[in-house]
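Step one of this worksheet: look at the structure below.
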Amino acid sequence: MTHRTPPPAEIAQQLVPFARHPQRWERERARATRGGHVCGDVGCAPVLIRERTRWGWADWTVPADGSLPDRPYRIAVLTPTATHTQRLGLRWLARRPARRIGIGAVPVRTSTVGVAILSLVVATAAALHAMPLSIVLSAAALATMLVEHLPDRLDDRAGENIRIVEDEAACRYLQRLSALHTDIVQAAAGNSRYEIRRAVEIGHHQLFDAADLLRLHDTLSVSAELIARERLMLQLAVQASRIAASTKDAPSA
């Protein structure tokens with residue numbers, strides 16, 4: 001049986017929300033809880049906080065007792081070979097999740113409600129100025145539909161270059177892998193050594209390939225490959241940490 005190799009003490013064992021900026025979590029948590037849950041016929045949507053990273057993002061739930069969540073609700077990994085246009089699309093996709101409010105049994109975007117109200121005001125003003133009501137109402141309806149549905153179409157297009165995982169076991173695995181990659185990225189900050197830069201590239205590819213694998217398979221069926229990837233990422237994280245430390249301690253020329 002193959003076992004997972006435990007990381008050294010100096011290497012992060014799992015990703016936690018805003019690890020380098022804990023006060024940011026408190027601000028985001030307070031903002032998210034003010035919005036509350038959105039409930040409909042199929043239940044309530046969880047309150048999520050999106051943490052953007054250089055490799056993608058993680059969506060965290062907000063526990064009712066005020067504690068930190070033990071795992072991400074969703075992890076998204078951006079393609080490591082994106083073009084400039086694709087990066088713009090990925091930046092759009094990584095925006096903060098849209099807030100929704102329940103209207104009857106249907107949750108809709110708050111922006112849709114705002115546009116609908118604004119459209120009614122504009123339609124009323126246009127009617128007072130004797131503009132054709134059919135044209136005004138058609139334009140108002142079109143604007144409301146675009147605000148509600150266009151972001152989803154853009155998400156689908158940008159999503160071709162990203163791998164999103166929500167399964168609990170898969171998220172726990174990617175939580176460990178992304179923590180190791182985050183250590184590599186932090187070691188590379190302000191360091192021009194080729195070995196560290198190369199480790200960042202390899203780590204991002206490993207993270208993306210693992211997320212792609214977990215979209216199609218469960219963790220048990222591909223456990224051997226997942227463990228091999230995690231061991232490779234651990235070796236990269238340890239190597240990057242040691243090189244960064246030696247570079248920092250070396251006397252300047």
Side-chain angles (χ1 to χ4, degrees), residues 3-32 46-63 65-80 90-91 93-97 162-189 196 199-215 217-219 222-223 225-241 244:
H3 298 281
R4 183 168 61 90
T5 303
E10 68 272 12
I11 301 299
Q13 298 189 29
Q14 66 178 6
L15 194 69
V16 296
F18 302 99
R20 297 175 64 86
H21 306 283
Q23 67 280 4
R24 173 81 181 277
W25 166 257
E26 293 300 327
R27 292 198 303 268
E28 294 291 340
R29 184 180 66 84
R31 177 187 300 173
V47 177
L48 298 178
I49 295 177
R50 176 158 296 177
E51 180 183 4
R52 298 179 183 86
T53 67
R54 292 186 58 181
W55 47 263
W57 71 80
D59 287 337
W60 302 92
T61 56
V62 181
D65 58 1
S67 62
L68 291 175
D70 62 342
R71 68 171 181 87
Y73 176 83
R74 180 188 299 116
I75 292 181
V77 184
L78 311 180
T79 174
L90 297 175
R91 185 176 300 176
L93 196 61
R95 69 195 186 282
R96 182 179 287 111
I162 196 167
R163 300 296 179 263
I164 300 177
V165 174
E166 294 186 0
D167 176 74
E168 179 178 353
C171 278
R172 290 191 182 279
Y173 171 81
L174 287 180
Q175 182 181 16
R176 298 194 303 270
L177 209 65
S178 58
L180 294 172
H181 182 60
T182 299
D183 283 337
I184 299 172
V185 172
Q186 291 174 358
I196 295 185
V200 172
E201 296 177 3
I202 297 175
H204 196 163
H205 279 277
Q206 289 294 319
L207 193 60
F208 182 81
D209 292 343
D212 191 34
L213 184 68
L214 290 171
R215 289 196 314 159
H217 304 86
D218 60 85
T219 55
V222 291
S223 60
E225 183 173 352
L226 294 178
I227 292 173
R229 291 183 183 276
E230 188 172 357
R231 285 178 173 171
L232 173 59
M233 190 75 87
L234 175 58
Q235 293 173 2
L236 292 173
V238 172
Q239 179 187 26
S241 177

With respect to L68, which candidate in W60, W25, F18 satisfies the side chain to side chain contact (heavy atoms under 4.5 Å, CB included) definition?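 One option only clears the test, and that one is W25.
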Within a strict 4.5 Å, meaning less than it, do heavy atoms of the [X] and [Y] side chains meet?
X    : Y    : result
L48  : T61  : yes
W55  : V200 : no
L234 : E230 : no
R74  : R50  : yes
T182 : T53  : no
I202 : H205 : no
R229 : E225 : yes
D167 : L214 : no

Using 0.5 Å steps for rounding, measure from the [atom1] atom of [X] to the [atom2] atom of [Y].
X    : Y    : atom1 : atom2 : value
R176 : L15  : CZ    : CG    : 12.0 Å
L213 : D218 : CG    : CG    : 10.0 Å
L174 : T219 : CG    : OG1   : 10.5 Å
D183 : S178 : CG    : OG    : 10.0 Å
I196 : L236 : CD1   : CG    : 11.0 Å

What are the two closest non-hydrogen atoms of [X] and [Y], and how far apart are they?
X    : Y    : result
A58  : P72  : CB-CB, 4.4 Å
A210 : L177 : CB-CD2, 3.7 Å
W57  : I164 : CZ2-CD1, 4.4 Å
P17  : E51  : CA-OE1, 3.6 Å

Closer than 3.5 angstrom, by distance alone: can the side chain of Y173 be matched with the main-chain N or O of L226 as a donor-acceptor pair?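 Pair found, side chain donor or acceptor close to backbone of L226.
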Do side-chain atoms of H204 reach the backbone of H181 as a donor and acceptor pair under 3.5 angstrom?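 Checked: no pair found.
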Do other residues, nucleotides or ligands put more than 12 heavy atoms under 6.0 Å from the NE2 atom of H21?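 It does not: H21 NE2 has 12 such atoms or fewer within range.
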Please check if any side-chain donor atom of R71 sits under 3.5 Å from a side-chain acceptor atom of Q175, or the reverse.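 No donor-acceptor contact under 3.5 Å links the two side chains.
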Going through the checks in order, is the side chain to side chain contact (heavy atoms under 4.5 Å, CB included) test met by I49 and D59? CA-CA 5 Å; I49 295 177; D59 287 337; over 6 Å; no
With a 4.0 Å cut-off on N to O distance, would you call D70 and R172 a salt bridge?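 Counted as a salt bridge, because a side-chain N and a carboxylate O are separated by less than 4.0 Å.
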